[in-house]
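Proteins get letters first, then strands, A, B, ... in listed order; numbering begins at 1 in each.
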Protein chains: 2
Amino acid sequence: MKSAPRQDIHPDSRAGEILAAAERLFCRNGYQGVSMNEVAREAGVSKANVFHHFGSKEELYLEVIRNVRSALTSEIMAIAQAPGGVEQTLTQVAEAELRHLFQYSDQVRLFMRECLEPGRDKALAAKVFGNTFAELVASLSGAQERGEMRTDVNASFPVMVLVAACVFFFQHAEILRHIPEADPATTNPDIFTRELVRLLVHGLRPA
Amino acid sequence: MKSAPRQDIHPDSRAGEILAAAERLFCRNGYQGVSMNEVAREAGVSKANVFHHFGSKEELYLEVIRNVRSALTSEIMAIAQAPGGVEQTLTQVAEAELRHLFQYSDQVRLFMRECLEPGRDKALAAKVFGNTFAELVASLSGAQERGEMRTDVNASFPVMVLVAACVFFFQHAEILRHIPEADPATTNPDIFTRELVRLLVHGLRPA
DNA sequence: GTCTATATAATGATAGAC
DNA sequence: GTCTATCATTATATAGAC
């Protein structure tokens, strides 16, 4: 229950090993899909030891969430800052976002589940999304200032659409493959990125 | 285990009441977040009775999924068939999709969780998405044939982006409100629809 | 800090009376 | 079809030795 800020946990300490084991399991199976028995076995320690370091299952889970959050945010802060035209910027952003989603797919899924679960704290998830979001918006605002993009649209909007498309692609890649009406282009990351940017930049107006 | 096609269950039968109770609970808390004890209590019957009608928890869950699927697909098949320009069609589609998502939010969330859960059957979810997807693609293809839309883009792509944006909006509405960089426009369904369609139709090119 | 052993409650599922 | 009573198993969590 107590969500007090915890001393930093060294990854090579025993507590760190338990935390890492818990992250693997929670990422794969969600909160209720994991038992403290499994965590102990995965970490190679006794169950009582897990309870010694983290007072309860809930506390352990929250600690995992906090940990994953750092990993997710620290990565994307460096991207989308390279100069270039809108098209190039959007392409890089989409590529980085997709790479990011698939690289940390397990952790991303953990967060998405957290978003869907009712009654959980959305502020934590908002922090994760918010950081990357702000970075991308700033990047597009630069393009607006350079006259490379319409200024009558809030930069946050295309960012949201771009992120939405990437997230949707990530979430439903496996499902889209089962839908005959879906263009094969919508299942290939590279073609997807190219088409997405083209759509965002040029719209659907006939040429 | 046996997923054999079941005789239709009358909603006003006892089995129907149990099914409805199970749907409410599974929608709210997911598969592992619900116990057969709770289902029995929610339905106002004994636990043994639940096991009598549905042989196991897994079977009950699958029956709920099948039931929800019918509800979700039968609704959206009637939309997006009204004639009109691309802009109008996209607007109607987006509005209908959003209305649909929020109206059946609990059931939609159930399906989204099902997509995130590893090792589950994606074919079922694909059927739900696939039906609505095909309808929307057909609608846009008509616009292409009438020369109202670029033909060098597969109609399924903008549909996917449109759906992605709507789903993202639905999934993250609560979270977006916590992000200061997000435009207020991205939290209002009507403004969101208008901006989305404008972006899709006209793109980001400076005027 | 780490362990074995245990307490206590809840789980999915069944038996058998009515 | 519906129930009470019960099964075996597992869950979170604790006690206490080392």
Side-chain angles (χ1 to χ4, degrees), chain A residues 1-4 6-65 110 113-114 117 119-120, chain B residues 1-4 6-65 110 113-114 117 119-120:
Chain A
M1 272 303 171
K2 104 173 116 108
S3 60
R6 166 179 288 273
Q7 304 280 63
D8 48 332
I9 296 171
H10 301 98
D12 52 348
S13 67
R14 186 114 293 183
E17 289 172 28
I18 296 174
L19 196 63
E23 181 183 313
R24 283 193 296 276
L25 293 173
F26 280 134
C27 280
R28 220 179 357 255
N29 304 322
Y31 179 78
Q32 278 150 327
V34 173
S35 75
M36 295 297 260
N37 249 316
E38 292 176 271
V39 173
R41 184 155 37 81
E42 173 85 10
V45 299
S46 74
K47 187 167 52 169
N49 199 355
V50 178
F51 276 97
H52 170 75
H53 285 289
F54 310 85
S56 71
K57 186 184 179 181
E58 178 79 13
E59 254 188 88
L60 174 60
Y61 180 70
L62 286 178
E63 200 56 38
V64 166
I65 291 277
L110 180 67
R113 249 192 291 243
E114 188 75 1
E117 223 74 25
R120 287 222 166 263
Chain B
M1 271 304 171
K2 104 173 116 107
S3 60
R6 165 178 289 273
Q7 304 280 62
D8 49 331
I9 297 170
H10 301 100
D12 52 346
S13 67
R14 186 114 295 184
E17 289 172 28
I18 296 174
L19 197 63
E23 179 183 314
R24 284 193 296 275
L25 293 173
F26 281 134
C27 280
R28 225 186 345 260
N29 304 322
Y31 180 78
Q32 280 151 324
V34 173
S35 75
M36 294 298 259
N37 249 315
E38 292 176 273
V39 173
R41 184 154 37 81
E42 174 84 10
V45 300
S46 74
K47 186 165 57 167
N49 200 355
V50 178
F51 277 97
H52 169 76
H53 285 288
F54 310 85
S56 68
K57 186 183 179 182
E58 177 80 13
E59 255 187 87
L60 174 59
Y61 180 70
L62 285 178
E63 200 56 38
V64 166
I65 292 277
L110 180 68
R113 251 191 292 242
E114 188 75 1
E117 224 73 24
R120 286 220 168 265

Expressed as a whole number of angstroms, how long is the span from [X]:[atom1] to [N]:[atom2]?
X: B/H52; N: C/dA15; atom1: NE2; atom2: P; value: 14 Å
X: A/R14; N: C/dC3; atom1: CZ; atom2: P; value: 7 Å
X: A/I9; N: C/dG1; atom1: CD1; atom2: P; value: 11 Å
X: B/L60; N: C/dT11; atom1: CG; atom2: C1'; value: 15 Å
X: B/F51; N: D/dC3; atom1: CZ; atom2: P; value: 14 Å
X: A/H10; N: C/dG1; atom1: NE2; atom2: P; value: 11 Å
X: B/Y61; N: C/dG12; atom1: OH; atom2: C1'; value: 17 Å

Would you call [X] and [Y] a side-chain contact if the rule is heavy atoms closer than 4.5 Å?
X: A/V34; Y: A/Y61; value: no
X: B/E58; Y: B/Y31; value: yes
X: B/E63; Y: B/I9; value: yes
X: B/E17; Y: B/V45; value: no
X: A/I65; Y: A/F26; value: no
X: A/V39; Y: A/F54; value: no

Tell me, which of residues 34-50 of chain A have any heavy atom that sits under 4.0 Å from an atom in DNA chain C?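 Within this stretch, A/V45, A/S46, A/A48, A/N49 sit under 4.0 Å of the strand.
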Taking only the side-chain nitrogens and oxygens of A/H53, find out if one of them lies under 4.0 Å from OP1 or OP2 of C/dT2. yes
